[in-house]
Amino acid sequence: MTSPLRQGELAEPIVVKVALGARAYDIVIGRGLLTGLGERIAALRPGAKCAILTDATVAKHHLAATEAALKAAAVPSSAIVVPEGEGSKSFATFESVCEQIIAARIERSDLVVALGGGVIGDLAGFAAASVRRGLDFVQVPTTLLAQVDSSVGGKTGINSRHGKNLIGAFHQPILVIADTALLDTLPAREFRAGYAEVAKYGLLGDAGFFAWLEANWRDVFAGGPARERAIAVCCRAKAAIVARDERETGERALLNLGHTFGHALEAGCGFSSRLLHGEAVALGMALAFEFSARKGLIGEAEAARARAHLAGVGLPTHLKEVPGGVPGLDALMDLIAQDKKVKRGKLTFILVRGIGSAFVENDVSAAEVRAFLADKLSQQ
Ligand SMILES: NC(=O)c1ccc[n+]([C@@H]2O[C@H](COP(=O)([O-])OP(=O)(O)OC[C@H]3O[C@@H](n4cnc5c(N)ncnc54)[C@H](O)[C@@H]3O)[C@@H](O)[C@H]2O)c1
Ligand SMILES: [Zn+2]
């Protein structure tokens, strides 16, 4: 007899394997997985203790349950709580976190657990990569963005005064536990912003998934099994790309679809709550599709279809939707030129030959981008 399931609960978690040889690891996806965290950690690293890094908001919602899950499996833990927000990806917070990990007597055989969104994952991963020349770490992502993107693939780091994510290391986790129930406490706007990255996987490489999202996005938002399925599709896509191109020398750049325009807009808004990362990516993807249409790579209808889905879930797709407005043309072009995806004066963009077929174009002329953005700004 099968036991009755709560609505949305899966009988078996979904396991996605990240095939990186000696650094291979599992991403486990399912509702309610947090309670088994301690057992999984004890099985992977018997006798290890954990430093849990989290932010103040996530701590309020999920730290006690995390500590209880570790305690239940006799895994000793201590917690390090930093302020929430991008400001914690700083040298000052990094220093404080490293010192606290050392003070908690976390040794080479112990673990760091990142309990939080992308900010915590990036900070914890970089601290783990650095303390004692490298500690193992486990990701417990608590935002949709972190579950489908930042917790997978091993990019870790903090921000420089010169730009975002300029100081860091590739350091793969040994396990990712994506408990989709943790997303139930996420503010709706944060969930929606993370959904932009979900749609990104369809738009860049999987037309079938995009069509499925068009039909099922409401269930993904509602939190039933469609949410697990969508997260699993994204993790599988990212895992496959990362396994083929761990250090972003080629294909991994496709994951930057919408990010060149997006980063410029995000920076132009001072990385403030006016425009969340995922919102900037939604806008950036709408622009990338339109730019591709303008270059004759796709028809207008296909660009309109991509935009319609993003707009349909409530994401911004027009520059005029950014509260407080966007920077002017010169400022936007400067920001695009500063982006790290610029090589020898030519701009690199991820363009599309259709929904589900993105490619890296290294030879986009700045003048063409400028003319395109001038049109878009004049339409505001
Ligand atoms: N390493 C990578 O590959 C990679 C990829 C994409 C993004 N990133 C980084 O990720 C960061 C953005 O991540 P994010 O969008 O997850 O932001 P975040 O970590 O700041 O989380 C967003 C907000 O949601 C709150 N929150 C998190 N989980 C919650 C929950 N379950 N319930 C209630 N509130 C919760 C946080 O306190 C925060 O205020 C950026 O710094 C970006 O550079 C990294
Ligand atoms: Zn992104």
Side-chain angles (χ1 to χ4, degrees), residues 34 53-63 65-66 81-90 93 114-126 129 137 139-160 163-173 176 178-201 204 223 234-235 238-239 241-242 246-248 252-263 265-267 271-273 275-285 340 350:
L34 185 65
L53 180 67
T54 191
D55 74 32
T57 302
V58 178
K60 197 174 68 194
H61 293 293
H62 303 298
L63 180 57
T66 306
V81 182
V82 300
E84 67 165 86
E86 189 69 29
S88 281
K89 278 173 60 175
S90 66
T93 310
L115 173 72
V119 164
I120 291 300
D122 283 9
L123 177 65
F126 186 41
F137 85 117
Q139 290 266 21
V140 183
T142 65
T143 63
L144 181 57
L145 178 137
Q147 294 197 349
V148 299
D149 192 356
S150 61
S151 68
V152 177
K155 280 192 188 176
T156 73
I158 57 173
N159 301 325
S160 144
K164 266 189 59 141
N165 301 325
L166 292 178
I167 302 133
F170 282 95
H171 189 52
Q172 300 291 345
V176 181
D179 179 345
T180 56
L182 302 185
L183 305 181
D184 292 345
T185 58
L186 196 61
R189 185 180 174 199
E190 291 286 351
F191 189 91
R192 200 182 307 119
Y195 183 85
E197 305 278 6
V198 174
K200 180 185 80 177
Y201 289 101
L204 77 85
C234 297
C235 288
K238 182 152 185 187
I241 290 174
V242 166
E246 186 180 7
R247 294 198 164 233
E248 196 171 322
R252 188 164 177 172
L254 293 178
L255 296 169
N256 294 325
L257 175 64
H259 281 62
T260 301
F261 287 126
H263 281 155
L265 293 167
E266 229 184 331
F271 298 101
S272 69
S273 58
L275 191 65
L276 300 180
H277 175 74
E279 294 168 345
V281 169
L283 250 163
M285 290 193 295
K340 60 180 187 293
I350 312 306

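Indexing begins at 1, ligand by ligand and atom by atom, following the structure's order. The first residue of the sequence shown is numbered 1, and numbering continues consecutively from there.
- For atom 18 (P) of ligand 1, the closest non-hydrogen atom on the protein side is Val119 CG2, 3.9 Å.
- Shown here, atom 25 (C) of ligand 1 is out of close reach of the protein: none of its heavy atoms lies under 4.0 Å off.
- Here the heavy atom of the protein found nearest to atom 29 (C) of ligand 1 is Leu186 CD1, 3.5 Å.
- Rounded to the nearest 10 degrees, the angle NE2 (His277) to the Zn ion (ligand 2) to NE2 (His259) equals 110°.
- At least one heavy atom of Glu86 sits under 4.0 Å from some atom of ligand 1.
- When you scan the N, O or S atoms of Glu197 for the one nearest the Zn ion (ligand 2), you land on OE2.
- Of the protein's non-hydrogen atoms, Gly118 N, 3.5 Å is the one closest to atom 14 (P) of ligand 1.
- The closest non-hydrogen atom to atom 12 (C) of ligand 1, taken over Val281, Leu145, Ile158, comes from Leu145.
- Looking only at heavy atoms of the protein, atom 36 (C) of ligand 1 is closest to Asp55 OD2, 3.4 Å.
- Scanning the protein heavy atoms around atom 4 (C) of ligand 1, the nearest turns out to be Ser150 CB, 3.2 Å.
- Using the six-membered ring where Trp is involved, Phe137 and His171 have ring planes that are parallel, under 30° apart on the 30 and 60° scheme.
- Checking only distances, Ala146 never comes within under 3.5 Å of ligand 1, N or O to N or O.
- Minimum heavy-atom separation, Phe170 to Arg252: CE2-NH1, 3.9 Å.
- The shortest distance between side-chain heavy atoms of Glu197 and Gln147 does not fall below 4.5 Å.
- The shortest N or O to N or O distance between Asp149 and ligand 1 is not under 3.5 Å.
- Taking every heavy atom of Lys164 and a limit of under 4.0 angstrom, the matching atoms of ligand 1 come to 40 (C), 41 (O), 42 (C), 43 (O).
- The distance criterion of under 3.5 Å between nitrogen or oxygen atoms is met by Glu84 with respect to ligand 1.
- For atom 21 (O) of ligand 1, the nearest protein heavy atom (residue, atom name, distance) is Thr143 CG2, 3.7 Å.
- The shortest N or O to N or O distance between Val58 and ligand 1 is not under 3.5 Å.
- Residue contacts with ligand 1 for Asn165 involve side-chain atoms from C-beta outward but no N, CA, C or O (heavy atoms, distance under 4.0 Å).
- Heavy-atom contacts of His62 reach the following atoms of ligand 1: 31 (N) (cutoff under 4.0 Å).
- Applying the 4.0 Å criterion to heavy atoms of Glu190 picks out, from ligand 1, the atoms 22 (C), 23 (C).
- Atom 28 (N) of ligand 1 has its closest protein heavy atom at Thr142 OG1, 2.7 Å.
- If you number the atoms of ligand 1 from 1 as listed, the ones under 4.0 Å from a heavy atom of Asp122 come out as 1 (N), 2 (C), 8 (N), 9 (C), 43 (O), 44 (C).
- Taking every non-hydrogen atom of Lys238 and a distance limit under 4.0 Å, the qualifying atoms of ligand 1 come out as 3 (O).
- Those atoms of ligand 1 with a heavy atom of His61 less than 4.0 angstrom away are 32 (N), 33 (C).
- Nearest approach of Ile120 to Thr54, heavy atoms of both residues: CD1-C, 3.6 Å.
- Looking only at protein heavy atoms, the nearest one to atom 32 (N) of ligand 1 is Thr185 OG1, 2.7 Å.
- Residues Ile350 and Ala253 share a closest heavy-atom pair of CD1-O, 3.3 Å.
- Close contacts of ligand 1 with Lys89, meaning ligand atoms under 4.0 Å from a residue heavy atom, involve 9 (C), 40 (C), 41 (O), 42 (C), 43 (O).
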